[in-house]
Amino acid sequence: MEEFLRRMSEGGFNFYHVAVGKNIDDWVAWSKKYNFKMILQLDFAYLSSPSEEEARTKAPSAVDFIKKYKSESNILAFSIKEEPTPAYLNAVSVYFSEIKKEVPDANLFLLLNQGNTIDHLVRPYPDMLGSDRYAFWGWDGSAGGYSATPSSALKWYTNETRKYVKYANDLGIPYTAVFAGLANEMIVSNEKVESGAMGEVERIKEFVESRNQGWSRVDESRVKFTKYYRAPENAVSAMVWLSVLSGAKSVLLWDATPTLPEDVTQYKSLSESTSKTDLSLRLFMPGVEGSDLVNPVPAVSEYASAVQELQNFAWYIHRLSAPANSLDVAVSSGNGYAASYDLIGYPGKVIVVVNADVGRWDSNSVGSLIGSTKKFVIDDGGELENYMPNTQDALIKLDAAWPEGTVLWDISTGKQLSGGESVAISIAPGSGKMLYLGDEPGFVAVRNAAGGVISKPALRIAE
């Protein structure tokens, strides 16, 4: 595990979430050695039921652990439950209260994955909030049984992230965006399909036979579908940038699992098991497939490049605040995004612009969910077939009533952009730009405070 962290550090990573047991002295030492910040999930004290009594019973163990490790500078927060449903939130509140009663300065992290949870406040509030938003549906009930195109997936991801960021902002706490580049394949019986539980029966049968929308046959009694397909090329980078554009202060990719020796790996994927259960699951993750950070799958390498690029803007990102007087910035491209922020403690505004036009997948590309008559083939590795990543920069045109006396500056180069109401910016697919809006003295002051013009290029870890 130390070797894995060393490789992650060389790849440009500086933050991770990990499930731990009671003794983490090695983890703390390794993380300090390789300059990592951590969020710790306390598996030994994990809330496994919506029982308030369980919360009270497990709290003392969590309290002892947090007291021991809370002063470690590289530990950002502690988690006792991931992805709670609304039914769990009272128990989470009790658990948080029991911890805060004994350790008032404990930083507690809560990871959500359901929109209805933000209608219920957890008290005391968590100190950090995150959410799992996995956008690239192959076949998912939440999409009404439709697959998501790359463009609709990124639009959904942005809207969801903004919703959770608003919730975090209302609580006055930082938000961590968590997203996936993996594929997720599920296997169901013929009977399950015939029952209508998976959606319109005849439609699914047609997809199975035509290998469309991620459906195919396993054997005479079972079929399979891809619940999530792999984020295609440029999309992981786009999600990193869209997270920051939406207000996230940090990002996490789920999952970079270390490759384990065969004698340590005790199980094969469930899809290969002889179990007669009706539903089985197979995840295509970097570690499961035999890749690691010396030879990463493309999603991990792309993620590394994007986060290294954004680490150059860390000074700005942690000072971005939703403006009191919002500036409406219109974007010409249907897959271009822009957002305006105040810069806490400094004049002017920061405009974050993202080119989310990541690629095409066939001659009939559309921007929405895939209808029943469209061909949308996902192969056995979870990859979208016939996908063609965009390779050329796009001109993203910004239109706004820019305040008098202000101009736009490219923060990374320090150069002034052309004036007027319309400004065209060249941005690589899946990438973004951070711009400063203000006068020259203001920009000089901000640039000096931030350490000057950003000249450090993003590095790519070995592929």
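Scope of the values below: all heavy atoms of this structure, side chains included, with no hydrogens, waters or symmetry mates.
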Next on the checklist: I want to check a possible cation-pi pair here: Lys58 against Tyr95, using under 6.0 Å from ring centre and within 45° of the ring axis as the test.
Outcome noted: no
Checklist entry - Which pair of heavy atoms, one from Val236 and one from Glu302, lies closest together, and at what distance? => result N-OE2, 3.0 Å
Item to check | Ring center gap for Phe78 and Tyr69 short of 6.0 angstrom | outcome: no
Next on the checklist: Are Phe136 and Tyr229, when compared by the centres of their aromatic rings, separated by less than 6.0 Å?
Outcome noted: yes
For [X] and [Y], indicate whether the former's side chain and the latter's backbone hold a donor-acceptor pair under 3.5 Å.
| X | Y | answer |
| --- | --- | --- |
| Ser332 | Lys397 | yes |
| Ser195 | Ala197 | yes |
| Arg217 | Asp219 | yes |

Do the side chains of [Y] and [X] get nearer than 4.5 Å, heavy atoms only?
| X | Y | answer |
| --- | --- | --- |
| Tyr167 | Leu112 | yes |
| Val240 | Leu242 | no |
| Tyr157 | Ser246 | no |
| Phe96 | Val92 | yes |
| His318 | Lys249 | yes |
| Glu160 | Ser131 | no |
| Ile75 | Ile24 | yes |
| Phe225 | Met198 | yes |

Nearest-0.5 Å distance, [atom1] of residue [X] to [atom2] of residue [Y]:
| X | Y | atom1 | atom2 | value |
| --- | --- | --- | --- | --- |
| Asp132 | Gln114 | CG | CD | 11.0 Å |
| Met434 | Ile351 | CE | CD1 | 10.0 Å |
| Ile427 | Asn355 | CD1 | CG | 6.0 Å |

Next on the checklist: Using the rule given for salt bridge (charged side-chain N to carboxylate O under 4.0 Å, His left out), can you reason through Asp380 versus Arg211, listing the C-alpha separation, both sets of side-chain angles and the distance that settles it, and then say yes or no?
Outcome noted: CA-CA 10 Å; Asp380 287 337; Arg211 294 182 61 84; 3.3 Å; yes
Checklist entry - Just one of Trp241, Phe13, Phe15 clears the ring pair (Phe, Tyr, Trp, His ring centres under 6.0 Å) bar with Tyr303, so which one? => result Phe13
Between [X] and [Y], a side-chain donor and acceptor under 3.5 Å:
| X | Y | answer |
| --- | --- | --- |
| Asp43 | Gln41 | yes |
| Thr161 | Thr158 | no |
| Ser147 | Gln213 | yes |
| Glu54 | Ser49 | yes |

Checklist entry - So Tyr164 and Tyr175, would you call those rings parallel, tilted or perpendicular, with 30° and 60° as cut-offs? => result parallel
Checklist entry - Where does the angle between the aromatic ring planes of Phe376 and Trp361 fall among parallel (under 30°), tilted (30 to 60°) and perpendicular (over 60°)? => result perpendicular
Sequence neighbours excluded, which residues qualify as side chain to side chain donor-acceptor pair (under 3.5 Å) partners of [X]?
| X | answer |
| --- | --- |
| Arg56 | none |
| Tyr46 | none |
| Glu2 | Trp30, Lys33, Tyr34 |

Checklist entry - What's the verdict on side-chain contact (heavy atoms from CB on, under 4.5 Å) for Gln311 and Asn14, showing C-alpha distance, side-chain angles and the deciding distance? => result CA-CA 9 Å; Gln311 283 166 12; Asn14 64 4; 3.5 Å; yes
Item to check | Lys100, NZ atom: more than 12 neighbouring heavy atoms under 6.0 Å | outcome: yes
Next on the checklist: Assess the residue pair Glu206 and Arg203 against the criterion (salt bridge (charged side-chain N to carboxylate O under 4.0 Å, His left out)); give the C-alpha distance rounded to whole Å, side-chain angles, the decisive distance to 0.1 Å, and a yes or no.
Outcome noted: CA-CA 5 Å; Glu206 178 186 328; Arg203 183 182 178 211; over 6 Å; no
Item to check | Worked verdict on Val223 versus Ile187 for side-chain contact (heavy atoms from CB on, under 4.5 Å) | outcome: CA-CA 6 Å; Val223 297; Ile187 295 178; over 6 Å; no
Item to check | Salt bridge Lys22-Asp25, side-chain N to carboxylate O under 4.0 Å | outcome: no
